[in-house]
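Counting starts at 1 for both ligands and their atoms, following the listed order. In what follows, every heavy atom counts, from backbone to side chain, and hydrogens, waters and symmetry copies are set aside.
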Amino acid sequence: MAVSSAPGKVYLFGEHAVVYGEPAVPCAIERRARVGVEQRADSKLRVHAEDLSLDGFTVEYGGSTDDRPDVDVSESLISAAMGYVDEAIAQVRDVTDEDEVGFDVTIESDIPLGAGLGSSAAVVVAAIDAAARELGVSLEADEIAERAYRTEHEVQDGQASRADTFCSATGGAVRVEGDDCRSIEAPDLPIVIGFDGGAGDTGQLVAGVRDLREEYGFAADTVEAIGDIVRRGEEALADGDLEELGRLMNFNHGLLSALGVSSRSLDTMVWAARDADAYGAKLTGAGGGGCIVALDPTPETETALSFTPGCEDAFRAELAEAGVKRLE
Ligand code: PMV
């Protein structure tokens, strides 16, 4: 049995604009998915998942959906989780040349699903590392990131950026521009997260921004302006200037809102954080619902968020220096 964990992430800057070649800066957080992998005697894949925001579930199948037993959770959640694990295992079979090998896979995660915190990337990264090690192969972080990216690319019909998977595999703060991903220096950030209990539809939100860009020149300018914010944000990160980072996050949120990807609950949480004198706050990830990220070294924002209608969970998250971790 091999067990690995991998962190989720927040976007400090640049989601959506990154789809159009602008840079983005995601940052790994100490909220992790843990994946245990044990080789089986046959070639089946059995997945047991707990804490994936709904009831735990167990699915066993031999490669065909007909083999799946009835289970009491949403079919779409099962399909989503199975799709990622299935493809992650396919990547491991490919990289290790072990075509026929089967596994029991156990997933535990404290990252809300589909809420802009990179839950699927964390599961995929941890699964690839653990499955490869179970077969006696130790992959470098870059190789894990590449295989995890291919997994998301496959499962999400070609709609995946490298940001989540690279950040989860390597940890720390990351700069992504097109296919170029690299780690960057970041100070210890006082990250606070607010979660509205929901999730946005990434495909629909990305399509909405694309339509706006095609219809209005000023929407295209807005996307470019986000790129300018990211470049200034990188300087502020390098200088450890939290006040400037907060101002830029506020600006970034305003532009994301203008592009139609915020929501009432995300805006309400952002305003609650601002009223609590956070340095700044913005939505993180695709938007439409899910999480905001704020910077505040005091307990004020977390407290304010916990009393904010529509905020289901508020928590502090340390920056995760380490990406994938080998636990067993
Ligand atoms: O919600 P997340 O964490 O999957 O982030 C989506 C980020 C987008 O820029 C909107 C899309 C992408 O693939 O980069």
**Prompt:** For ligand 1, which atoms, with element, lie under 4.0 Å from some heavy atom of Tyr11?
**Reply:**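 Near Tyr11, the atoms of ligand 1 are 5 (O), 7 (C), 14 (O).
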**Message:** Which of the numbered atoms in ligand 1 are under 4.0 angstrom from any heavy atom belonging to Val18?
**Reply:**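 Here the atoms of ligand 1 in question are 9 (O), 14 (O).
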**Message:** How far is atom 9 (O) of ligand 1 from the closest protein heavy atom, and which atom is that?
**Reply:**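 Protein heavy atom with the smallest distance to atom 9 (O) of ligand 1: His16 N, 2.9 Å.
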**Asked** So which protein heavy atom does atom 13 (O) of ligand 1 come closest to, and at what separation?
**Response**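 It is Ser161 N, 3.5 Å.
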**Asked** Can a non-hydrogen atom of Gly116 be found less than 4.0 Å from any atom of ligand 1?
**Response**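 Within the 4.0 Å threshold, so yes.
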**Prompt:** Would Lys9 count as a contact of ligand 1 if the rule is a heavy atom under 4.0 Å away?
**Reply:**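 Yes, Lys9 has heavy atoms under 4.0 Å from ligand 1.
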**Message:** For Asp164, which part has a heavy atom under 4.0 Å from ligand 1: side chain, backbone, both, or neither?
**Reply:**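 Asp164 to ligand 1: side-chain contact only, backbone stays beyond 4.0 Å.
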**Prompt:** In Å and rounded to the nearest 0.5 Å, what is the CZ to CG distance from Arg147 to Leu139?
**Reply:**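 Going from the CZ atom of Arg147 to the CG atom of Leu139 covers 8.0 Å.
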**Atom pair CG (Asp241) and CD (Glu243), whose distance is rounded to the nearest 0.5 Å** =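 Between Asp241 CG and Glu243 CD, I get 6.5 Å after rounding to 0.5 Å.
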**Prompt:** Got a sec: does the CD of Gln39 have more than 12 other heavy atoms crowding it under 6.0 Å?
**Reply:**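 Counting neighbours around CD of Gln39, more than 12 heavy atoms of other residues, nucleotides or ligands fall under 6.0 Å, so yes.
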**Item:** Test of proximity, Ala286 against ligand 1: N or O pairs below 3.5 Å
**Value:**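 The answer is yes, given that Ala286 and ligand 1 share an N or O pair closer than 3.5 Å.
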**Prompt:** Looking only at N/O atoms, are Glu15 and ligand 1 under 3.5 Å apart anywhere?
**Reply:**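 Such a contact does not occur with ligand 1.
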**Request:** Give me the one residue out of Arg32, Arg31, Arg34 that meets side-chain hydrogen bond (donor to acceptor under 3.5 Å, both in side chains) with Asp110.
**Result:**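 The option that passes is Arg34.
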**Prompt:** Residues two or more places apart in sequence or in another chain: which of them pass salt bridge (Lys or Arg N to Asp or Glu O under 4.0 Å) with Glu22?
**Reply:**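 So Glu22 forms a salt bridge (Lys or Arg N to Asp or Glu O under 4.0 Å) with Arg231.
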**Request:** Using the test ring-ring contact (aromatic ring centres under 6.0 Å, His included), find all partners of Phe218 that sit at least two apart in sequence or belong to another chain.
**Result:**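 Phe218 satisfies ring-ring contact (aromatic ring centres under 6.0 Å, His included) with Tyr216 once adjacent residues are dropped.
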**Message:** Which heavy atom of Val324 sits nearest to which heavy atom of Ser4, and what is that distance?
**Reply:**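 Scanning both residues, the minimum pair turns out to be CG2-CB, 4.3 Å.
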